[in-house]
Amino acid sequence: MPTIRAASSLAAQDVNFYKSVDANISDEIDKRGERLLTITNDLLRTTSSSSNDVEQLQFGKDHITSEASWRPVGNIIDSIFEKIDFTFDQLNKNNGSSSTNEKQYLEDGGNDSVPHDSNQKISKPQRNFKIPVDNSEEEPFKPRISTKPNSLQPWNSINKLVNPEPVFEDSIELIDPPYYAHPYEYEIDNQPYPDSILEKTEPIPPKDWSTTEATWVETTEDLNKMIDILSKSTEIAVDLEHHDYRSYYGIVSLMQISNREQDWIIDTIALRDDLMRLNEVFTNPNIVKVFHGAFMDIIWLQRDLGLYIVSLFDTYHASRQLGFAKFSLQYLLDTFAHFRTSKKYQLADWRIRPLPKAMMAYARSDTHFLLYIFDQLRNKLIDADKLSQVLFDSRQVAKRRFEYTKFRPVSNNLTNKVSCPIMASNPKEPWSSIMYQYNVPSFKKPVIEVLYNWRDLVARQEDESVRYIMPNQLLVTLASIEAPVDVNKILNAPSYVSEAVRLNAREIAVLIDKTLKESEQNDWAIVDKYNNQTLDQSMTQPIDIEFVNDAFDNLINEASYMVDKISFMTDDSSVFTPKSSNSQTSTYEYNEKDVKRHNFSDISQKRLVNTWNKLCSLSQSVTIPGELLEIEIEEEVEPENDELTESAELEVEEPKPKTGQQVLFSKDKDINPDELITLRKNNKNKNKNRKQLSQEDEPSIDYANADKILIDSTKKQDRKKKRSFDPNANPDAGPRAAKKKKNMTAGRTSTFKMKYGKGNKK
Ligand code: AMP
Ligand code: MN
Ligand code: ZN
């Protein structure tokens, strides 16, 4: 306990500071760090059964900050938990407890290691695609189908570009980009599910897991054979595996299908251009397609394979309606099929061929039991009178449409039904989520932007994921390099340097250097502006109280335009605490667009003190708060990631300022949302609609690559408070410490802290 207490009182980002202060401390820290690492590696070795090929943790901060290097620990912990589960079950069995609930295992406590992306050199399957990948996004995404089986609306009647009419949202006129409609939208809404789905039936157990095997499908003959059998089924289970590291959009790498009799695993890479025939089955309304959490599968199917689903039943939405404790497939398998699966292969490289046995088994287990689960869930839903809701929810999922990022709709009307490769919450500045996540000070925006755009361009050209080209961590590290920037600074960046960055180090160096110089010049232009005008004039001219009041009103008006919503509240909240004294940076809003930096906090501090003094001398009722002037100016016009502006359904309550009390004027991101945010009352319908499709209602897949997936606006409230950013600290200085209460570091949050005198309007 004392050790842990001592350790947690030390903020991790301060360690480098202490090291720089005292050489003895530095040595001691290194020594102990190395010892801890040795112990950890010993533990890893002892715990894992396959002793030779265990990845070891490396020393050095690049390794510690890279998420990938912690994976061995995650893997071992996962497998320990699996072993514990397994052992408990064995124990229960031996104690003679019920045998009907006996569990089956994906692997009986075994622990063969999976080849991971990084170790495997697989040649890119894109090279053999008959239709080359096109990442240019020159026109809206065109459905990859030429015929439309099972149609109510013929294909040629809807195969054209739709030009959306303007819509008004909050009295703003929005015009969505043109798009090709979802070819099966009408059928999904209008084709009835088969009557059989409405009736309770005795659940049909799956074929025995351990004595059956999946059929591998990689030729058109195999495929046709499978389709003939599937056409006679009344319900089938479907799942996909997807690879998204060595490709810009991602590649559907595997499709698993099960009917009551057998399992198929389809090589969707080999058969990429031949799978359209499956639409005969997939859009046949009389065949129920059972998926678990189909929200991305629907997108991947149409994007890569031209496949659509009519009569979808999503067991994820069934789990939601039935109010289960968890909504994962893992939970359903465990509870309704007594099958314990493993997460080990979730992130495996599904392009590997031939597919290793263990991965084959994992893939098969995703659909093998699903119809049995479906039987049981459907019965429960009928009892609870919730089936129609699940079918409704499933249809909304089936109607989701893939669209290129450049044609991402803007209206609420469409935006929920569409999934784009980049779903940044601020589409105009998609890099702002990185700045938010890594607490990058806003004066770095120009560099972040330039690097972000470079990375996106190269990723498109090379058909790689952006995180393969330049992981976010590296992007942020590069953006922190000080001018003058040269190749060596790039190559020696204290972060994992990707191949693409290594090969293009010179170009990147020039890019960063140029951007830094440009934004520096802008800085000084502002310094001059303020020095020459504001200070001098305000010093010499007498101040008119009416003028000050007007100016203040104007400021509030302008600010409300800028920040969308302003809150006024009393200052007993602990989130507004004095900022630390080491501030050297002030940021200014200028021209609504450009964000500038000045290292002249002293000047600005003096100027502010000056202004305050004048204000105070004008009105006796104004007094200066003790900790004087945490005046900073909000730097972003469009705050990207925060609760207050991102979701239209959230609105800020405005508690009336109490006269004589200190009043905050802020859109602070660290305000406890529970204190301030209420659901908008006059917009219930919109809310409801959103709820139905919002990502919170989607499976809790923990996509590391959050940018690529729809952003969950409703969940943001729960997000942990952002960490503080110390612009002077090395951004890679180890894992962040738990946030210290009552201590906000400079440069990040911006508030006007003002005090009102009597008689002032709000
Ligand atoms: P599943 O439906 O669970 O079989 O997942 C389908 C695909 O989604 C996988 O092949 C992965 O590409 C991706 N995926 C699933 N879970 C995760 C996760 N936790 N993080 C990132 N990607 C995931
Ligand atoms: Mn799935
Ligand atoms: Zn799967």
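Starting from 1, each residue takes its place in the sequence as its number. One-based numbering, in listed order, for ligands and for the atoms of each.
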inquiry  = Taking the basic N atoms (NZ, or NE/NH1/NH2) and the acidic carboxylate oxygens, is any pair closer than 4.0 Å for K124 and E464?
reply    = yes
ask   = Any Lys/Arg nitrogen of D78 or K343 sitting under 4.0 Å from an Asp/Glu carboxylate oxygen of the other?
value = no
task = Within a distance under 4.0 Å of any heavy atom of W350, pick out the atoms of ligand 1 and give their elements.
result = 10 (O)
Atom of E241 closest to the Zn ion (ligand 3), considering N, O or S atoms = OE2
query = Counting heavy atoms only, which part of F295 comes closer than 4.0 Å to ligand 1: side chain, backbone, both or neither?
reply = neither
task = Scan side-chain atoms only and decide if T315 and H292 contain a donor-acceptor pair under the 3.5 Å cut-off.
result = yes
inquiry  = Suppose I only count heavy atoms of L240 and a 4.0 Å limit; which atoms of ligand 1 are within that range?
reply    = 4 (O), 6 (C)
note = Quick note on ligand 1: atoms under 4.0 Å from a heavy atom of D366 include exactly 4 (O)
ask   = Considering all heavy atoms of both residues, which atom of F402 and which atom of Q302 are nearest to each other, and what is their separation?
value = N-OE1, 3.1 Å
query = Heavy-atom contacts under 4.0 Å between L329 and ligand 1: side chain, backbone, both, or neither?
reply = neither
query = Less than 4.0 Å between a side-chain N and a carboxylate O, is that true for D304 and R144?
reply = no
query = Any non-hydrogen atom of Y345 lying under 4.0 Å from ligand 1?
reply = no
remark   = The N/O/S atom of D239 lying closest to the Mn ion (ligand 2) is OD1
key: Within 45° cone and under 6.0 Å: R272 NZ/CZ vs F129 ring   = yes
query = Hey, which N, O or S atom on D239 ends up closest to the Zn ion (ligand 3)?
reply = OD2
remark   = To atom 1 (P) of ligand 1, the nearest of D239, L254, T341 on a heavy-atom basis is D239
query = Between R467 and Y245, is NZ or CZ placed under 6.0 angstrom from the six-membered ring centre and within 45° of the ring axis?
reply = no
query = So, E261 and K207, do they make that salt bridge, N to O below 4.0 Å?
reply = yes
request  = Answer yes or no: does an N/O atom from H292 fall short of 3.5 Å to an N/O atom of ligand 1?
outcome  = no
inquiry  = Please give the atom name: the N, O or S atom of D366 nearest to the Zn ion (ligand 3).
reply    = OD2
inquiry  = As a quick check of understanding, evaluate ring pair (Phe, Tyr, Trp, His ring centres under 6.0 Å) for F336 and F324, giving each step before the final call.
reply    = CA-CA 12 Å; F336 295 98; F324 291 156; 5.6 Å; yes
key: Option set E241, H243, Q256, criterion heavy-atom distance to atom 9 (C) of ligand 1, minimum   = E241
